[in-house]
There are 2 protein chains.
Amino acid sequence: MEEVDRAIVAGLTADGRMSYTDLAEKVGLSVSAVHQRVRRLEQRGVITGYTARVSYDALELPLTAFVAVRPFDPSQPDDAPERLAHLAEIESCYSVAGEDFYLLLVRVASPADLERVLQEIRTSANVTTRTTVVLSTPYEGRPPRISRDPD
Amino acid sequence: MEEVDRAIVAGLTADGRMSYTDLAEKVGLSVSAVHQRVRRLEQRGVITGYTARVSYDALELPLTAFVAVRPFDPSQPDDAPERLAHLAEIESCYSVAGEDFYLLLVRVASPADLERVLQEIRTSANVTTRTTVVLSTPYEGRPPRISRDPD
DNA sequence: ATTGAAAGCTTTTTCTT
DNA sequence: AAGAAAAAGCTTTCAAT
């Protein structure tokens, strides 16, 4: 990926609503050239979308937990991610190496809600769970280092 | 939080670059009313920013890992998050309940890079690490359910 | 691949209810 | 809080290089 594209991606991860005008100034190209490059980055799947970042506390989802999941019966076909996808409380699902099969990131309003979601996870996917409660989040979702240069 | 504000947040988490014109239509208010509400949501810290979502594979960071961290010497003051903040490979840092103190989400280019980052984590923060490699990501960063209504 | 220019929208501000 | 309107600014497309 070219340097200009990296600069564009860096700009849009730092401010997803930055205008093409500002981006163009930042990367030193004309507005229309930047516009075309952004379209290409989107089409190539380098940029996959745009979102607002939110405060989960403000949205009344103050309790975050990691839920490690493994099949109750490891001989059964493993389709846990699809079986769990309907649970809106699961923000992310990672397939992992190690003793657990999946690691889920869950956001809920209360311990009672967490209990309910854990039950739903177990019954939906025939799995056992091991839950790690998040106490605080020093930082989260920092943008990646986009240039390839040395540290 | 009011229903209109929830609809606005839902719109902007689904598409962070949605125009105020489209948002206004979606929530059934005038453009300037929506604009004012978005500004308020930003000022109140409900919306904390906007970002582009990216493909980590395309950005040449195809290896994701969770790194559980605990102090080498638990009697020392614990300021691991600040000591680790300079490592750009750490996307997120969660303080967790349980035997580990922190859970880090790390993105790197290669196993060799992961090895280097783990060494940097251990020496920067005087901690031991236990690493879980992510094999694939069925889904990640799904928007939260924003309305408070029953399932 | 990049540019500049034109048309059409969007954002932002101000004023009014 | 919400709306309307106007000015400024931005996006998008197109023809040219």
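These numbers were taken from a predicted model, which means no experiment stands behind them.
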Using a 4.0 Å heavy-atom cut-off, write out nucleotides 10-17 of chain C from 5' to 3' as B (base contacted by protein), S (sugar-phosphate only) or - (no contact).
SSBB----

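Scored by the salt bridge (Lys or Arg N to Asp or Glu O under 4.0 Å) test, B:Asp78 finds no partners at all (sequence neighbours excluded). A:Glu42 meets the side chain to side chain contact (heavy atoms under 4.5 Å, CB included) test with A:Val38, A:Ile47, A:Tyr50; sequence neighbours excluded. Checked against salt bridge (Lys or Arg N to Asp or Glu O under 4.0 Å), A:Arg122 has no partners two or more places apart in sequence or in another chain. Applying the ring pair (Phe, Tyr, Trp, His ring centres under 6.0 Å) rule to B:Phe66 yields the partners A:Phe66, A:Tyr94; only residues at least two apart in sequence or on another chain are considered.
Counting side-chain heavy-atom gaps under 4.5 Å among Ile, Leu, Val, Met, Phe, Trp and Tyr, B:Leu135 is found in no cluster with other residues. In the hydrophobic clustering (ILVMFWY side chains linked at under 4.5 Å, chained through shared members), B:Val127 is joined by A:Tyr139, B:Leu63, B:Val67, B:Val69, B:Leu84, B:Leu87, B:Ile90, B:Phe101, B:Tyr102, B:Leu104, B:Val106, B:Val108, B:Leu114, B:Val117, B:Leu118, B:Ile121, B:Val133.
Residue pairs meeting the salt bridge (Lys or Arg N to Asp or Glu O under 4.0 Å) criterion with at least one member in residues 15-35 of chain B: none, sequence neighbours excluded.
Put simply, chain B comes within 4.0 Å of DNA chain D, heavy atom to any atom, from D:dA1 to D:dT11, going 5' to 3'.
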